[in-house]
Amino acid sequence: MPRVSRRALLLAATPLALPRVLRAQSAVFDCDVAIVGAGAAGLSAAHELRAQNKSFVVLEARGRIGGRCFTDTSLGAPFDAGAVYIHWAERNPWRDIAQTLGVAAVDSDSITAPSRFYDNGATTGGRGGRANFRAVSQLLDTDVAPVPDVSIIERLAVLPEGQGAGTAIARMALGDEPENISALDYARLWSGDDLVVPSGYGDLVTRYGGGIDVRLNAPVSAIDTSGAGVALTTAAGTLRARAAVVTVPVGVLKSGNIRFTPALPAETQAGLDGLGMGALTKAGLKFNGARFGLAPGTDLWDRLGPRASFDFECWSYDRDNVIAYFGGDHARDIIRHGEAEAVRIVLDAFVRVVGPEAREAFVRGVLHGWAADPWSMGCYSHALPGHADAREKLARPVAEKMFLAGEATGGEGFGGAMTAGGAWLAGRAAAQAAGRV
């Protein structure tokens, strides 16, 4: 867990407390760099600035670090409520971080069993489903050069039989409807081996941030770049820094909950306007040890209709949890009901697939709807059709002293976007730039 100084605990009652060493550095600036957000990008930025011997302050709105990397233990056995996969592991920094910290990371294929496909609870045999998924993946993952900046659904017009699989991939991989997602943006994403962390990806990120002094429960409400340096407004007062690395998610930036003075440049705003946030949602269901004939790692894909589907990930790591994935408008509709009703809806869907014994064996459930979380407002970003240049616009420095960084701007050519690995790369790059201000 992050070390929170005794001074930080008094922030709500006193003017902004700053370490003595920072106040002694300058009569104008409290620190060299202010970091907003303690997710993967913010923690990466902090590590980089510490390596540069730069002073910094990390402000985190939540009461914990890790952002959308969060390992939930409320059901007993841990499961990742946010990021799960160390994607493109051959070059993903989290693979080496895990090794350095002595945290096991294993090939995702080693914990999976064959998938089963259903149509509103009735088995479909799976042959057509698997073939369509392969065909769609091959089309969408093609070389970038021939891919137009159109929606995924328009891209799939040449593959009519893949419309259902394409919709499922859009919802379950990207969290949104296929008509809202740029096929070119998706094609740019890096691919490679996927690793998973049995103890939790979120737990890995938390351990990585364990040596960073983070001010928790400290949301930033305004950022002013009009004068010397950057001034950040919090409930505890104003923090002044030479530069700022802002790592809050795109959904929060678009919400207007952080007021920028002056307003963001037109190109930065265009970048935000060209990005959407998916609604990939997870519900964890705990059972009493009954397995309903399902091997650990089995995925049950149930298509409820053209606009709704569930993916039930059963007994990963031989634990008694089923993790339900659902995305897009289907997820947005469900999370509006609140946690208790959403868990009931998900359990009913699981019972339709495996039978009434699942209801008898159910213990409790929990919902993680990132689209309704005020500190994320979505799972991760995607470019809207016709806006594949949005990430590049968002990544440009603001006033040469404020740097927006996160999964939306991660990796060379933005190939690491939508991942914690891309967020780490973006945070480091932003910190390197901020350190030169």
(request) Report yes or no: is the cationic atom of R64 (NZ for Lys, CZ for Arg) closer than 6.0 Å to the six-membered ring centre of F70, at no more than 45° off its axis? (result) yes
(request) Tell me, please, which residues at least two apart from F287 pass ring pair (Phe, Tyr, Trp, His ring centres under 6.0 Å). (result)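 With neighbours one apart ignored, the set is F292, W315, F350, F362.
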(request) Would you check if T225 and T261 make a side-chain contact, meaning some heavy-atom pair closer than 4.5 Å? (result)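 Answer no - side chains too far apart.
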(message) Any heavy-atom pair between the side chains of L195 and W88 that's under 4.5 Å?
(response)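 No. Closest side-chain heavy atoms not under 4.5 Å.
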Over 12 non-hydrogen atoms of neighbours within 6.0 angstrom of [atom1] in [X]:
{"X": "R259", "atom1": "CZ", "answer": "no"}
{"X": "E267", "atom1": "CD", "answer": "yes"}
{"X": "Q99", "atom1": "CD", "answer": "no"}

(request) Kindly indicate, with the supporting measurements, whether the criterion side chain to side chain contact (heavy atoms under 4.5 Å, CB included) is fulfilled by H387 and H382. (result) CA-CA 10 Å; H387 296 274; H382 56 266; over 6 Å; no
(request) Indicate whether the side chain of T124 and that of D119 have a donor and an acceptor atom separated by less than 3.5 Å. (result) no
(message) Taking side chain to side chain donor-acceptor pair (under 3.5 Å) as the definition, give me every residue that meets it alongside Q52, ordered by chain and number, with sequence neighbours left out.
(response)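 Only E48 meet the side chain to side chain donor-acceptor pair (under 3.5 Å) criterion with Q52.
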(request) Check for a donor-acceptor pair, side chain of K254 on one end and backbone N or O of L272 on the other, with a separation under 3.5 Å. (result) yes
(request) Locate the shortest heavy-atom distance separating G166 from V136; write the atom from each residue and the value. (result) CA-CG1, 3.8 Å
(request) Sequence neighbours left out, what pairs pass side chain to side chain donor-acceptor pair (under 3.5 Å) with at least one residue falling in residues 190-202? (result)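 Matches after skipping sequence neighbours: H87-D194.
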